[in-house]
Amino acid sequence: PMDYDDRKTSPRAHPAKEKFRVGTLGFIAPHKRTIPIVRGFAQFLGEIPEEQRSKVELLVVGENPHEDIYNPKLEAQTL
């Protein structure tokens, strides 16, 4: 078993470095609704105070074998 030290891993230990992260993992494809996730996250950012926006991030991790027809990255750049 690994040792767990709450003092080093809790958000209170490094409050300035902590972020609220939303993510999706795996292949990027229409059935995983990645573009709606990007749009929803953009809407969420618009609804929180501007000074809080740098403390949240969206992580999309995975291979996109159909980038030519389904491109969440391009969608994010247009928002």
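Note that this is a predicted model, so its numbers are computed, not measured.
The CG atom of Asp68 sits 12.0 Å away from the CG atom of Leu74 when rounded to the nearest 0.5 Å. In this structure, CD on Gln52 lies 11.5 Å from CG on Leu45, to the nearest 0.5 angstrom. Between the NZ atom of Lys19 and the CD atom of Glu57 there is a distance of 4.5 Å, given to the nearest 0.5 Å. Atom-to-atom distance recorded for Glu18:CD and Lys55:NZ is 11.5 Å, nearest 0.5 angstrom. The distance from atom NE2 of His66 to atom CD of Glu63, rounded to the nearest 0.5 Å, is 9.0 Å.
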Query - Residues Val22, Val56; criterion side chain to side chain contact (heavy atoms under 4.5 Å, CB included); working and verdict - result: CA-CA 8 Å; Val22 177; Val56 298; over 6 Å; no
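Within a 6.0 Å sphere centred on CZ of Arg33, other residues, nucleotides and ligands contribute 12 heavy atoms or fewer.
Side chain of Lys32 to main chain of Thr24: no donor-acceptor pair is present (N/O by atom type, distance under 3.5 Å, no hydrogens or angles). Counting only distance, with no hydrogens or angles, the side chain of Tyr70 and the backbone of Thr34 share a donor-acceptor pair below 3.5 Å. At distances below 3.5 Å, at least one donor-acceptor pair connects side-chain atoms of Arg53 with backbone N or O atoms of Ile48.
Residues Pro72 and Val60 are not in side-chain contact: their nearest non-hydrogen atoms beyond the backbone lie 4.5 Å or more apart.
Under a hydrophobic-cluster definition in which Ile, Leu, Val, Met, Phe, Trp and Tyr are linked whenever side-chain heavy atoms come within less than 4.5 Å, directly or via other members, Ile37 and Phe20 are assigned to the same cluster.
For the side chain to side chain donor-acceptor pair (under 3.5 Å) test, residues two or more places apart in sequence or in another chain that qualify with Gln43 are Glu47. Every residue meeting the ring pair (Phe, Tyr, Trp, His ring centres under 6.0 Å) condition with Phe41, not counting sequence neighbours, appears here in chain and number order: Phe44.
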